[in-house]
Amino acid sequence: MPPLALQPSNGVWMLDIQLLRSNLEDVAGLLAARGYSFPIPEFEALESDRKSLQTHTQELQARRNAVSKQIGNAKSKGEDITHLLADVANLGEELRLAETRLQETQAALQVMLLQVPNLTHTTVPVGHSEADNREVRRWGTPRVFDFVVKDHVSVGENLGLLDFSTAAKLSGARFSLMKGPLARLHRALAQFMLDMHTGEHGYMEAYVPYLVNAESLRGTGQLPKFEQDLFQVPKLGFKMKEGVEERALASEDYQRGSFSPSDESLYLIPTSEVPLTNIVRDEIVALESLPIKLTAHTPCFRSEAGSYGRDTRGMIRQHQFDKVELVQIVHPEKSYEALEELTGHAEKILQKLGLPYRIMLLCTADMGFSAAKTYDIEVWLPQQNTYREISSCSNCEAFQARRMQARFRNQRGKPELVHTLNGSGLAVGRTLVAILENFQNEDGSVSVPDVLQPYMSGLERLTAG
RNA sequence: GGAGAGAUGGCCGAGUGGUCGAAGGCGCUCCCCUGCUAAGGGAGUAUAGGCUCAAAAGGCUUAUCGAGGGUUCGAAUCCCUCUCUCUCCGCCA
């Protein structure tokens with residue numbers, strides 16, 4: 001294996017490193033509430049190593065810089081410099097050693113800290129499982145059926161518009177094939193959502209890459225911890241890549257250690273939150289440009305390695321699904337306001353479609369890695385006789401911003417981390433499931449929600465044939 | 001895929017081994033002068049980290065000229081690898 005590039009010395013920290021140093025116990029307590037046990041002794045040991053190594057290294061660097069400056073001066077005056085050179089004879093080796101050890105310690109610290117999830121907001125209920133999530137409100141009344149309701153798989157397959165066995169032939173389990181008016185309804189949903197968010201809610205539509213690099217995934221928090229959930233794509237063809245590496249490995253420069261290979265893979269996006277949010281990575285945006293509100297309709301790809309056995313039937317849990325995403329980049333003081341607003345934007349879609357739902361405030365145990373506070377929107381599924389997640393709206397506060405170094409210039413003209421939010425507005429596949437189940441008729445047809453009919457050339461029902 | 005050129009601070013742009021975190025210009029901020037829709041003069045103006053300090057201020061210090069590595073007492077400058085941008089040719093939805 002060629003040597004991997006080490007992290008930059010001023011690394012990407014996940015929590016505010018200052019906060020961690022000064023309030024270690026408090027932070028660990030908050031993390032414990034969300035089920036993460038922070039390794040305090042290991043951290044303290046690494047941190048104290050870091051401190052002494054860094055001080056020592058910088059002293060050596062300062063000495064080297066001073067002597068080098070003297071040498072420069074002496075030389076320009078034509079003075080003898082041999083005694084100066086003797087001065088720093090051993091400095092080089094000592095410095096090299098110190099730098100290496102510092103880098104290793106920084107890297108170890110970074111590996112540890114990149115695993116640490118965000119701190120939760122004070123309004124988040126402490127809990128141990130999803131059972132402790134708190135229902136905030138409900139909208140709509142579930143329809144009363146006077147016939148036996150079918151699940152979306154039966155509805156779709158009976159119409160001949162949904163075909164899982166062919167999808168399995170093409171790709172394997174957890175893929176779906178939609179046909180005819182059902183495929184169109186799926187497309188109509190995405191169009192409708194985008195039109196609402198751009199036309200009514202003030203988001204700018206974006207078309208984004210579906211393959212992103214590791215930096216982007218690190219920025220939004222999917223890497224390094226959740227690589228197993230992602231589909232990875234080698235950047236170069238294997239053959240080409242091998243050729244390049246063989247040549248490189250044989251080269252004199254590699255032998256000397258001055259070769260750095262580009263072995264970066266790309267990853268299929270698990271959500272367009274990744275490309276949308278990373279738009280501001282390594283940027284300092286103007287105060288006046290906030291809030292930045294972005295939306296995109298993209299496919300999302302998840303390998304979901306850990307979840308086999310759950311929702312095996314139907315379109316609920318797929319390796320590929322479409323989603324319309326909402327992202328906001330906001331001033332830190334406005335982010336909780338923005339979370340309510342963004343959640344409302346997602347709700348509006350369900351209201352327009354006429355699908356009953358409830359809003360759940362997730363408890364500490366059930367939240368995503370990067371989130372400080374999350375509302376899940378759950379849509380009513382009559383066949384399951386329950387509400388199922390269709391959207392997740394989160395305020396990540398400065399967590400992603402810190403990883404991304406995404407900042408704005410505050411009123412004093414100083415860079416400050418932005419806050420980032422994201423939410424599904426909505427998951428298109430699951431919305432389609434909800435429509436198939438809630439709008440099914442006794443004869444097996446499915447009514448098209450009023451707001452979607454204009455996108456379907458006025459079609460009012462999905463019927464067999 | 002082939003050939004070539006490039007990447008420097010908010011922007012433009014100089015800088016081929018030393019006192020360069022980086023000339024000059026633009027922009028921006030503050031001050032002065034002048035006074036009518038302008039101009040002139042002066043000062044300031046990167047980011048991140050560490051140590052110090054009760055804290056702020058301040059002080060000391062380190063790193064950063066696309067990224068990583070190498071050579072050197074010393075690298076924006078020399079060498080290597082990678083990434084990206086641009087121009088021309090080819091190919092292509």
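A, B, ... follow the sequence lines: proteins, then strands. Residue 1 opens every chain. Nothing here was measured: the structure is a model prediction, and the numbers come from that model.
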Keeping to residues at least two apart or across chains, list the side-chain hydrogen bond (donor to acceptor under 3.5 Å, both in side chains) pairs with something in residues 60-69 of chain A. A:Gln61-A:Glu99
Choosing from [options], which nucleotide comes nearest the side chain of [X]?
| X | options | result |
| --- | --- | --- |
| A:Pro415 | B:U47, B:U71, B:A63 | B:U47 |
| A:Arg64 | B:G18, B:U19, B:A63 | B:A63 |
| A:Val88 | B:C73, B:A63, B:C51 | B:C73 |
| A:Ala62 | B:U61, B:A48, B:C51 | B:U61 |
| A:Gln58 | B:G49, B:A63, B:C73 | B:G49 |
| A:Leu85 | B:C73, B:U19, B:G69 | B:C73 |
| A:Gln54 | B:G49, B:C73, B:U71 | B:G49 |
| A:Arg96 | B:A48, B:C73, B:U71 | B:U71 |

Whole angstrom is fine here: how far is it from [atom1] in [X] over to [atom2] in [N]?
| X | N | atom1 | atom2 | answer |
| --- | --- | --- | --- | --- |
| A:Asp282 | B:A67 | CG | C1' | 12 Å |
| A:Gln103 | B:U62 | CD | P | 18 Å |
| A:Gln70 | B:C73 | CD | P | 16 Å |
| A:Arg407 | B:A46 | CZ | P | 14 Å |
| A:Ile71 | B:A75 | CD1 | P | 11 Å |
| A:Leu95 | B:G70 | CG | P | 12 Å |
| A:Leu102 | B:U62 | CG | P | 15 Å |
| A:Glu99 | B:G69 | CD | C1' | 13 Å |

Please determine if a side-chain N or O atom of [X] lies less than 4.0 Å away from the OP1 or OP2 oxygen of [N].
| X | N | answer |
| --- | --- | --- |
| A:Lys69 | B:G74 | no |
| A:Lys414 | B:U47 | yes |
| A:Asn65 | B:A63 | yes |
| A:Arg63 | B:U61 | no |

Identify the nucleotide, in any strand shown, that forms a Watson-Crick or G-U wobble pair with [N], with both distances under 3.5 Å; if there is none, say none.
| N | answer |
| --- | --- |
| B:C84 | B:G6 |
| B:C51 | B:G59 |
| B:A14 | none |
| B:A22 | none |
| B:U37 | none |
| B:C92 | none |
| B:U77 | none |
| B:G27 | B:U45 |

So, are A:Glu104 and A:Arg101 salt-bridged, with charged N and O less than 4.0 Å apart? no
[atom1] atoms of [N] and [M], separation to the nearest Å:
| N | M | atom1 | result |
| --- | --- | --- | --- |
| B:G18 | B:U81 | P | 25 Å |
| B:G17 | B:C79 | P | 12 Å |
| B:A48 | B:A57 | P | 14 Å |
| B:G9 | B:G24 | C1' | 13 Å |
| B:A76 | B:U16 | P | 13 Å |
| B:A39 | B:G44 | P | 23 Å |
| B:U83 | B:A93 | P | 26 Å |
| B:C65 | B:C78 | C1' | 16 Å |

Considering heavy-atom distances to RNA chain B, does A:Gly72 or A:Leu91 have its closest nucleotide positioned more toward the 5' end? A:Gly72
For RNA chain B, whose closest nucleotide is more 5', that of A:Arg50 or that of A:Thr57? A:Arg50
Value for NZ (A:Lys179) from CG (A:Asp163), rounded to nearest 0.5 Å, stands at 4.5 Å
Could you please spell out the steps behind the side chain to side chain contact (heavy atoms under 4.5 Å, CB included) verdict for A:Gln232 and A:Glu227? CA-CA 9 Å; A:Gln232 195 174 349; A:Glu227 185 161 28; 3.5 Å; yes
How about A:Thr420 and A:Val327: do any of their side-chain heavy atoms sit closer than 4.5 Å? no
Can you list the steps and then say if A:Glu341 with A:Lys293 is a salt bridge (Lys or Arg N to Asp or Glu O under 4.0 Å)? CA-CA 11 Å; A:Glu341 179 195 280; A:Lys293 296 164 74 175; 3.2 Å; yes
A:His201 side chain to A:Tyr203 backbone, donor-acceptor under 3.5 Å: no
Working for side chain to side chain donor-acceptor pair (under 3.5 Å), residues A:Glu325 and A:Thr298: CA-CA 8 Å; A:Glu325 184 74 2; A:Thr298 70; over 6 Å; no
Verdict with supporting geometry, A:Arg317 and A:Glu304, salt bridge (Lys or Arg N to Asp or Glu O under 4.0 Å): CA-CA 9 Å; A:Arg317 196 173 299 272; A:Glu304 307 261 13; 3.7 Å; yes
Might you list the N or O atoms of the protein lying below 3.5 Å from N or O atoms in nucleotides 8-14 of chain B, with each pair's distance?
none

Set out, in order, the CA-CA distance, both residues' side-chain angles and the distance that settles side chain to side chain contact (heavy atoms under 4.5 Å, CB included) for A:Ile349 and A:Met193, then state yes or no. CA-CA 7 Å; A:Ile349 301 295; A:Met193 293 175 191; 3.9 Å; yes
Classify A:Lys51 by what it touches in the nucleic acid, base, sugar-phosphate, or nothing, heavy-atom distance under 4.0 Å. sugar-phosphate
Could you walk me through whether A:Lys334 and A:Glu337 pass the salt bridge (Lys or Arg N to Asp or Glu O under 4.0 Å) test, one step at a time? CA-CA 5 Å; A:Lys334 298 283 175 59; A:Glu337 210 173 294; 5.4 Å; no
